[in-house]
Amino acid sequence: MAKYIFVTGGVVSGLGKGIVAASLGRLLKLRGYKIAAQKFDPYMNIDPGTMNPTQHGEVFVTHDGAETDLDLGHYERFIDENLTKFSNLTSGKVFWTVLNKERNGEYLGQTVQIIPHVTNEIKSFIRKNAELTGADVMITEIGGTIGDIESQPFLEAIRQFSTEVGRENCLFIHVCLVPYISGSDEYKSKPAQHSTKELQATGISPDIIITRSDEDCGDAIRKKIALFCSVKEDCVISNTTVGCLYEAPLMLHENGLDKVVCRALKLKNKCDLSSWKSLVRDIRTRKGKTKIAIVGKYVSLHDSYLSIIESLNHASYACHTNVEIDWVDSEEITSGNVAQKLKSAQGILVPGGFGTRGTEGMIEACRYARERDIPYFGICLGMQIAVIEFARNVAGIKNATSGEFEKGGARVIDLMPDQNGKRLGGTMRLGAYPCAILAGTQMADAYGKLQIEERHRHRYEFNNDYRQRLTAAGLVISGTSPDGNIVETVETDSNRFFVGVQFHPEFTSRPNCANPLFKAFVSAAKETLR
């Protein structure tokens with residue numbers, strides 16, 4: 001029977017519940033157990049797919065095409081397991097499912113209520129994920145903060161679930177802020193006490209309390225929390241700030257997290273940390289600095305590009321260099337100032353995005369990179385920008401544009417015929433698709449093979465009506481769908497590294513296995529002298 005771990009958070013949001021869940025997943029995997037992870041989000045959106053990245057951060061896409069919360073990216077990077085559509089559940093999706101069942105008569109005329117219908121749907125989702133993955137241990141993070149009204153159905157569901165599977169098969173972890181008061185030079189346990197009391201009022205008593213603070217809050221505070229919150233002293237675990245995200249599993253292991261988890265769930269395998277310690281050692285011993293400019297429209301919130309940031313970091317570990325990111329707002333770039341804005345960039349990356357805002361600045365950045373042979377990496381919208389820039393400035397199609405930006409002009413990027421007139425939510429090309437790579441290209445050099453599979457999240461495509469004209473001008477179509485119909489990647493053969501990809505390679509990068517394209521890009525940028 002699978003073991004179930006539920007992670008909740010209290011006092012304030014943004015404490016790093018996702019990192020705790022992901023780190024614990026890695027520690028248990030290093031003990032030889034098969035791990036699955038899941039995130040419950042209380043907001044009413046069906047999924048984050050139509051949410052503004054500057055409010056919510058990036059949308060992470062799973063292998064099977066689910067648009068999910070960014071915490072799932074942490075889970076995949078730490079646990080190194082592909083997650084599924086059953087790995088993310090929102091209040092909106094729960095209520096949508098329940099109301100559709102009611103309309104279809106599946107409740108046989110019953111009065112539909114939060115309990116049992118909504119809670120049963122949540123519990124069913126937990127079981128489906130466990131069955132689908134065959135996990136030994138399933139870790140579920142409950143989004144939001146204890147006391148939020150929208151979290152109540154999820155808390156009630158996991159309370160019921162613990163009685164159904166037995167407390168010996170279920171564990172509750174509560175992450176709390178322990179604030180430091182500089183005026184009195186002391187940490188305060190009262191917020192953690194109140195937060196735990198709030199959780200206990202729902203019928204859930206945490207087995208482990210994780211204290212979040214920049215520095216170790218000390219034994220006295222942990223003992224006080226243990227006493228007032230009715231947990232064992234060694235089950236109050238310090239979660240302190242680390243220099244690098246991937247040091248978190250080692251820090252939590254040293255503080256005893258996986259030890260007390262395994263004791264409670266009667267898991268006996270020993271933990272082999274050698275591979276993870278080797279990774280952290282490689283991270284710490286990097287030398288030099290490589291400057292990468294990310295030219296985007298959501299640079300006010302770096303979480304909008306979280307997987308890209310982490311993928312650049314992964315590539316930096318493999319290339320033994322420190323990547324320094326220069327955030328450049330594409331709305332501020334013009335033909336007159338592009339050289340000044342990007343003067344120190346050793347590599348230029350244009351990431352994905354939606355809408356016309358800031359795209360002309362991206363085009364100028366792309367032109368600057370191509371003409372000066374600075375490594376350029378375009379992802380999704382960044383690939384489309386590369387096609388538009390090449391069409392305008394090399395192929396002579398001066399009015400080249402995208403159907404997303406305007407209805408007129410030469411739409412070298414446009415909707416596929418079967419996408420016209422469809423609503424926005426859930427209608428993009430999503431999830432993993434195969435790509436056939438042309439031999440002798442930068443793509444082939446990066447991947448070292450001619451057949452790959454990467455994840456997509458987009459609606460607009462390369463317009464084949466302009467394919468012959470653009471290739472005649474020198475644009476290299478280096479990757480397509482297996483039938484050759486859909487253009488997946490473009491590049492130029494006159495640049496050291498100039499690649500645009502329609503897919504999102506950042507979703508498959510791992511700290512101990514950098515995505516090949518990011519590795520090739522950072523490697524090329526490292527050799528660029530500025």
Side-chain angles (χ1 to χ4, degrees), residues 1-9 16-40 71-72 74-84 86-87 123 126-142 158-175 204-211 222 226 229-239 246-277 279 512:
M1 183 176 184
K3 305 288 186 177
Y4 298 89
I5 299 172
F6 297 100
V7 181
T8 57
K17 297 190 304 296
I19 298 300
V20 169
S23 297
L24 177 57
R26 169 51 69 168
L27 291 172
L28 294 176
K29 184 168 183 176
L30 291 173
R31 287 176 177 263
Y33 296 106
K34 183 171 177 54
I35 308 301
Q38 193 175 50
K39 173 76 181 291
F40 290 164
D71 271 328
L72 269 70
H74 288 312
Y75 300 160
E76 286 208 2
R77 288 186 285 272
F78 276 77
I79 303 172
D80 196 16
E81 297 283 349
N82 286 338
L83 303 184
T84 72
F86 291 109
S87 299
K123 290 185 292 183
I126 298 170
R127 291 191 178 93
K128 284 178 181 176
N129 198 36
E131 292 168 5
L132 181 68
T133 59
D136 299 314
V137 182
M138 233 232 336
I139 302 173
T140 303
E141 176 193 349
I142 312 299
I158 63 175
R159 183 199 66 79
Q160 294 176 16
F161 192 86
S162 68
T163 64
E164 293 171 8
V165 300
R167 286 298 274 118
E168 69 278 8
N169 296 312
C170 184
L171 186 77
F172 292 105
I173 297 176
H174 192 48
V175 183
I204 297 172
S205 293
D207 303 285
I208 297 171
I209 294 175
I210 296 184
T211 61
R222 285 192 292 274
C229 298
S230 301
V231 299
K232 296 177 181 178
E233 286 186 10
D234 66 348
C235 289
V236 180
I237 308 293
S238 287
N239 177 15
Y246 301 109
E247 295 179 32
L250 299 181
M251 177 267 296
L252 290 170
H253 171 78
E254 290 171 5
N255 293 339
L257 177 59
D258 54 312
K259 177 182 176 181
V260 295
V261 166
C262 289
R263 182 183 69 199
L265 295 177
K266 296 181 172 56
L267 302 172
K268 298 181 179 180
N269 292 359
K270 292 183 178 180
C271 190
D272 181 4
L273 289 169
S274 57
S275 61
W276 204 258
K277 286 181 177 179
L279 167 68
N512 50 357

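- Scored by the salt bridge (Lys or Arg N to Asp or Glu O under 4.0 Å) test, Lys3 finds no partners at all (sequence neighbours excluded).
- At least one donor-acceptor pair under 3.5 Å links the side chain of Thr163 to the backbone N or O of Gln160.
- A salt bridge links Asp207 to Arg167: at least one charged side-chain nitrogen sits closer than 4.0 Å to a carboxylate oxygen.
- Under the ring pair (Phe, Tyr, Trp, His ring centres under 6.0 Å) criterion, Tyr246 pairs with Phe78, His314, sequence neighbours left out.
- Residues Arg31 and Asp136 are not paired through a salt bridge, judged by the lack of any N-O separation under 4.0 Å between the basic side chain and the carboxylate.
- Minimum interatomic distance between Lys39 and Asp71 (heavy atoms only, all atoms of both residues): NZ-OD2, 2.9 Å.
- Listed for the Tyr33 side chain is a donor-acceptor partner under 3.5 Å among the backbone atoms of Asn269.
- For the residue pair Arg222 / Thr211, no side-chain donor-acceptor distance below 3.5 Å is found, with atom types taken as modelled.
- When each of Leu257, Ile79, Leu252 is tested with Ser23 by the rule side chain to side chain contact (heavy atoms under 4.5 Å, CB included), just one qualifies, namely Leu252.
- Using modelled atom types, one side-chain atom of Lys29 and one backbone atom of Asp80 make a donor-acceptor pair closer than 3.5 Å.
- By the side-chain contact (heavy atoms from CB on, under 4.5 Å) test, Asp272 is found to be paired with Ser274, residues two or more places apart in sequence or in another chain being considered.
- Between Asn512 and Arg26, the shortest heavy-atom contact is ND2-NH2, 4.4 Å.
- Looking only at side-chain heavy atoms (C-beta outward), Leu24 and Val137 stay at 4.5 Å or farther from each other.
- The two residues Val165 and Met1 make their nearest non-hydrogen contact at CB-CE, 3.4 Å.
- The main-chain N or O of Ala36 is never found under 3.5 Å from a side-chain atom of Glu81 such that the two would form a donor-acceptor pair.
- Smallest separation of non-hydrogen atoms from Gly134 and Lys34: O-CD, 3.6 Å.
- Qualifying salt bridge (Lys or Arg N to Asp or Glu O under 4.0 Å) partners for Glu247, counting only residues two or more places apart in sequence or in other chains: Arg284.
- Glu254 is linked by a salt bridge (Lys or Arg N to Asp or Glu O under 4.0 Å) to nothing, counting only residues two or more places apart in sequence or in another chain.
- Applying the side-chain contact (heavy atoms from CB on, under 4.5 Å) rule to Cys229 yields the partners Gln193, Thr196, Ile209, Ile225; only residues at least two apart in sequence or on another chain are considered.
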